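What you see is a predicted model, and the numbers here were worked out from it, not measured in a lab.
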Amino acid sequence: MKNRETAFELSVRQSMQTFVQAIATDLDGTILEHASETISPRILSAFTNAHSTGIKIIIATGRPPRLVRHIIKQLISKIDPEKYANNPFYIICGNGSMVFDPHLNSVTKHYPIPASSFYNIITALRSSIDSLVFGTECQLSTCCENNWPDLTNAMDESTTYVDDIRDLVKDRIEVNKLMVLCTESNSWDLIKRVNDVLDPDVKNSVSITVSNKYFIEITASGITKGSCLKELCDTLEISQADVVTFGDMPNDVEMLSWSGYGVVVAGAHEEAKSVAKEVVPSVEEDGVAIWIEKYLQSIKNELL
């Protein structure tokens with residue numbers, strides 16, 4: 001005899017109308033509290049249990065590879081190495097501009113901003129908006145302008161600095177993500193100004209988004225977490241309908257929209273909420289873990 005499903009468990013099963021084959025999740029603000037670098041025990045347990053059922057785990061973050069290694073190490077710490085080898089995590093970095101293998105410590109696929117688009121957008125922005133500073137993520141390296149203020153404590157001894165970030169074009173260095181910071185305003189105000197001042201041709205040559213209050217983030221045209229997730233799932237032969245995604249910010253919108261079931265945590269940005277099918281408790285309350293636990297329980301009930 002089946003156990004009686006709670007209303008929540010039933011709603012999950014009815015909404016998904018399928019068995020989840022892959023979970024793709026943002027990190028900061030979704031499963032990782034802001035300003036924290038530690039995965040909570042409940043999140044760890046939920047992802048470990050989901051992995052044990054054969055679900056593919058995909059991390060989709062705006063972070064560069066160097067800032068996800070220690071997070072992945074935590075997330076897989078309770079998984080048997082042999083089982084992990086047969087079902088490894090997949091890591092999307094730089095808002096979809098890179099796929100990173102933490103065990104090989106290499107970027108296995110990347111989508112750089114075309115040199116002309118990179119140079120033109122910086123030139124256009126610098127001529128239109130005062131007090132801008134630029135930084136970049138280039139696969140496993142980071143380069144910023146000398147006056148970049150490290151407000152997120154993300155830079156380290158491996159970061160290189162230049163007077164003008166456009167010099168990377170001269171050195172033929174491929175850039176995956178461009179970060180733009182205004183010392184006189186936050187990212188929410190800046191992205192509005194950027195969209196107002198850019199010529200449509202320049203704006204359409206890149207993808208512009210935001211995930212924090214400090215800077216906006218730019219990738220190649222059409223490159224987002226959603227585009228990279230779609231390509232990865234196509235490679236893994238996982239149907240769009242069988243993917244559930246978790247996020248909280250505008251840079252998660254394409255991913256949340258593309259997946260079969262998009263979920264945001266309480267407190268998420270309105271743009272992310274507008275495309276989600278469900279809102280779960282906040283990151284501080286381990287909302288993503290709660291959803292996964294309920295889903296796994298509903299599947300267990302289904303099989304009894």
Side-chain angles (χ1 to χ4, degrees), residues 1-27 29-33 39-60 71-72 74-90 226 229-230 232-234 236-248 252 255-268 272-304:
M1 180 178 178
K2 292 183 179 180
N3 293 336
R4 180 175 296 174
E5 289 185 307
T6 66
F8 179 89
E9 292 163 0
L10 181 60
S11 72
V12 168
R13 293 288 296 119
Q14 290 176 336
S15 297
M16 286 297 301
Q17 297 180 334
T18 186
F19 288 97
V20 174
Q21 299 298 311
I23 290 174
T25 183
D26 170 53
L27 289 178
T30 301
I31 66 169
L32 194 63
E33 291 187 41
I39 295 293
S40 76
R42 191 170 185 180
I43 288 288
L44 175 58
S45 176
F47 277 87
T48 300
N49 291 335
H51 181 273
S52 71
T53 70
I55 292 174
K56 298 290 185 186
I57 305 298
I58 302 168
I59 303 301
I71 303 299
I72 304 308
Q74 293 176 58
L75 281 169
I76 69 173
S77 62
K78 302 297 183 182
I79 299 174
D80 178 83
E82 185 175 340
K83 291 182 178 178
Y84 181 84
N86 292 326
N87 183 19
F89 282 24
Y90 294 86
L229 177 62
K230 178 185 183 303
L232 179 58
C233 287
D234 286 345
L236 295 172
E237 298 183 342
I238 295 174
S239 169
Q240 174 182 2
D242 298 337
V243 182
V244 60
T245 52
F246 297 96
D248 74 316
D252 298 317
M255 175 175 74
L256 293 165
S257 301
W258 177 81
S259 66
Y261 200 73
V263 181
V264 296
V265 293
K273 280 185 180 179
S274 70
V275 299
K277 290 185 171 66
E278 185 177 342
V279 179
V280 295
S282 68
V283 63
E284 291 83 6
E285 299 171 277
D286 291 325
V288 172
I290 292 172
W291 193 97
I292 293 173
E293 290 165 0
K294 296 295 186 181
Y295 173 75
L296 294 178
Q297 184 61 51
S298 73
I299 297 301
K300 183 178 179 181
N301 292 342
E302 189 79 12
L303 298 175
L304 291 176

Pairwise distance [atom1]([X]) to [atom2]([Y]) - rounded to 0.5 angstrom:
X	Y	atom1	atom2	result
I299	Q297	CD1	CD	10.5 Å
D242	I23	CG	CD1	12.0 Å
I31	I43	CD1	CD1	5.5 Å
I238	S259	CD1	OG	12.5 Å
I79	S52	CD1	OG	8.5 Å
S77	I72	OG	CD1	11.0 Å

Of the non-hydrogen atoms in [X] and [Y], which two are nearest, and what is the gap between them?
X	Y	answer
L256	F246	CD2-C, 4.2 Å
V265	V283	CB-N, 4.1 Å
G262	T245	CA-OG1, 3.5 Å
V264	A272	CG1-O, 3.7 Å

Any donor-acceptor pair under 3.5 Å linking the side chain of [X] with the backbone of [Y]?
X	Y	value
Y295	V20	yes
N49	S45	yes
N87	K83	no
T48	L44	yes
Q74	I39	yes
Q240	K230	no

Do [X] and [Y] make a side-chain contact, defined as non-hydrogen atoms from C-beta onward lying under 4.5 Å apart?
X	Y	answer
W291	P281	no
I55	I57	yes
V280	I290	no
V263	K277	no

So C233 and V243, side chain to side chain contact (heavy atoms under 4.5 Å, CB included) or not? Walk me through it. CA-CA 9 Å; C233 287; V243 182; 3.8 Å; yes
Chi angles and distances behind the side chain to side chain contact (heavy atoms under 4.5 Å, CB included) call for I59, I71: CA-CA 10 Å; I59 303 301; I71 303 299; over 6 Å; no
Between F47 and F89 (judged by ring centroids, cut-off 6.0 Å), do the two rings come close enough to count as a pair?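 Centroid distance F47-F89: not below 6.0 Å, so no.
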Among E33, E293, R42, which residue satisfies the side chain to side chain contact (heavy atoms under 4.5 Å, CB included) criterion with D286?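 Of all the options given, the one that passes is R42.
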Test side chain to side chain contact (heavy atoms under 4.5 Å, CB included) on I58 and L229; report intermediate values, then the result. CA-CA 8 Å; I58 302 168; L229 177 62; 3.7 Å; yes
Take N86 and E82 through the test side chain to side chain donor-acceptor pair (under 3.5 Å) and record every step on the way to the result. CA-CA 7 Å; N86 292 326; E82 185 175 340; 4.9 Å; no
